[in-house]
Amino acid sequence: MSASTPITIIGGGLAGLTLGIGLRQRGVPVVIWEAGCYPRHRVCGEFISGRGQAVLERLGLLACCHLAGAVPARTAMFVCGPKRSPVRPLPVPALCLSRHRLDALLAETFQQAGGELRVQARRTMAEEVEGVVHASGRRTQPAEAAPHWFGVKAHVPRACPVPLEADLEMHIARDGYIGVNRIGDGEVNVCGLFRARPDGRRSESKTEWLRGEPGSLLRERLRAAEFDPESFCSVAGLQLRPQRAADRAGCRIGDALTLTPPVTGNGMSMAFESAELAVEPLADYSQGRLDWAAAQRRLAQRCDAVFARRLMWARRLQWLMLSPALPGRLEAVLLRSDWLWRFLFARTR
Ligand SMILES: Cc1cc2nc3c(=O)[nH]c(=O)nc-3n(C[C@H](O)[C@H](O)[C@H](O)COP(=O)(O)OP(=O)(O)OC[C@H]3O[C@@H](n4cnc5c(N)ncnc54)[C@H](O)[C@@H]3O)c2cc1C
């Protein structure tokens, strides 16, 4: 029997670690290079919704997530200025778990499965190197490109209970949105996506951005809340334009392939799904049944087949909710129409 060719994964986030675990389950030697270390906080709504939960189950990881304290989210509510949607049941419950725990859990599982994890090891490699998978996360766009998006998140510890009517509350603001949801252990995650203002001014601190606009329901909800300073993180220059795998150089999964608008709450799921889609072609390459170009092509075709329609709807949803050209849009549609909410929920996952 010939030895398997090793796979190198750049990026030990959700996509890279999930792929690493899937490949180790097939006996493939894997090295993951991760620039950071574990545990660490990430800018994320920490709301796993969509087919990714089934991927976690197939890889034997769902039970570990529950053991790590994941909690289900069963209801959602939208708030826009003084208007609120009813509290609606989520068509399929989501799973909420702090990235601080989730990424560390996957890293540990990967190592227990015999994978080699190199932490605090930033690695740069040409896109087309054989046997190398790019799972290095989101691309940032140049500062001069418009619109310029920021992501900010912080946790409120259990000592400061936040009164929520729904498991996920989406508060739409003038410049973006802020999602608030429980993540287990009585903690609440507050995570927002914000568009830079045309005049570039925003004087208050980023934690103030998370509290919502003066007089808003969110500000009232968070009146007594203190953020855990350790959990605070932010990213700038998010590139939200969807990409097709067939148009991209190199072997890519997760956000390194394409970012779905965060408002869908489906990015983590896409990281898990794209990792699972990569396991078979890469195991076939590693074990000599497929050459590298064919493995890459098969992965790209699979990703485009699964994600193209979802990304198109995600873009429409993002526009509907956050376009400055549509004042009052949310009140007219998502807040009122139960049918439309269910339709968009289904199409974006
Ligand atoms: C504001 C906001 C809110 C969001 N909310 C949600 C949500 O509620 N639900 C949801 O499903 N998704 C959400 N997402 C999206 C989700 O966070 C991402 O889709 C997901 O983290 C993608 O996983 P990934 O593994 O591809 O990338 P990442 O998790 O970003 O991991 C990439 C890893 O690569 C490492 N790396 C980068 N470059 C190198 C290098 N050169 N060498 C070595 N390592 C490197 C990084 O350190 C990082 O650990 C949100 C995103 C944003 C911005």
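Below, all heavy atoms of this structure are taken into account, side chains as well, without hydrogens, waters or symmetry copies.
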Run the salt-bridge test on [X] and [Y] with the 4.0 Å N-O cut-off and return the result as yes or no.
{"X": "R101", "Y": "E46", "value": "no"}
{"X": "E57", "Y": "R51", "value": "no"}
{"X": "E208", "Y": "K206", "value": "no"}
{"X": "R58", "Y": "E276", "value": "yes"}
{"X": "R123", "Y": "E34", "value": "no"}
{"X": "E273", "Y": "R310", "value": "yes"}
{"X": "E169", "Y": "R182", "value": "no"}

Is the backbone of [Y] close enough, under 3.5 Å, to the side chain of [X] for a donor and an acceptor to pair up by distance?
{"X": "S85", "Y": "F78", "answer": "yes"}
{"X": "S216", "Y": "G212", "answer": "no"}
{"X": "D291", "Y": "A293", "answer": "yes"}

State whether W319 and R316 meet the cation-pi test: NZ (Lys) or CZ (Arg) under 6.0 Å from the six-membered ring centroid, and within 45° of the perpendicular axis.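 No cation-pi geometry.
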
Hey, could you give me each pair passing ring pair (Phe, Tyr, Trp, His ring centres under 6.0 Å) that has a residue in residues 226-252? Not counting sequence neighbours.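 Pairs touching residues 226-252 that pass the test: none.
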
Going by the ring pair (Phe, Tyr, Trp, His ring centres under 6.0 Å) test, which pairs reach into residues 153-181, not counting sequence neighbours?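 Listed by first then second residue: H41-H155.
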
Using only heavy-atom distances, determine whether the side chains of R349 and S269 contain a donor-acceptor pair under 3.5 Å.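 S269 and R349 do not have a side-chain donor-acceptor pair below 3.5 Å.
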
Judged by modelled atom types alone, do E130 and Y285 share a side-chain donor-acceptor pair under 3.5 Å?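 There is such a pair between these side chains.
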
Please check if the number of heavy atoms outside R158 that lie under 6.0 Å from its CZ is greater than 12.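 12 or below, so no.
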
Geometric class of the F343/W339 ring pair [parallel <30°, tilted 30-60°, perpendicular >60°]: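 Geometry flag for F343 against W339: parallel rings.
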
Partners passing salt bridge (Lys or Arg N to Asp or Glu O under 4.0 Å) against E220 (at least two apart in sequence or in another chain):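 Result, salt bridge (Lys or Arg N to Asp or Glu O under 4.0 Å) vs E220: R223.
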
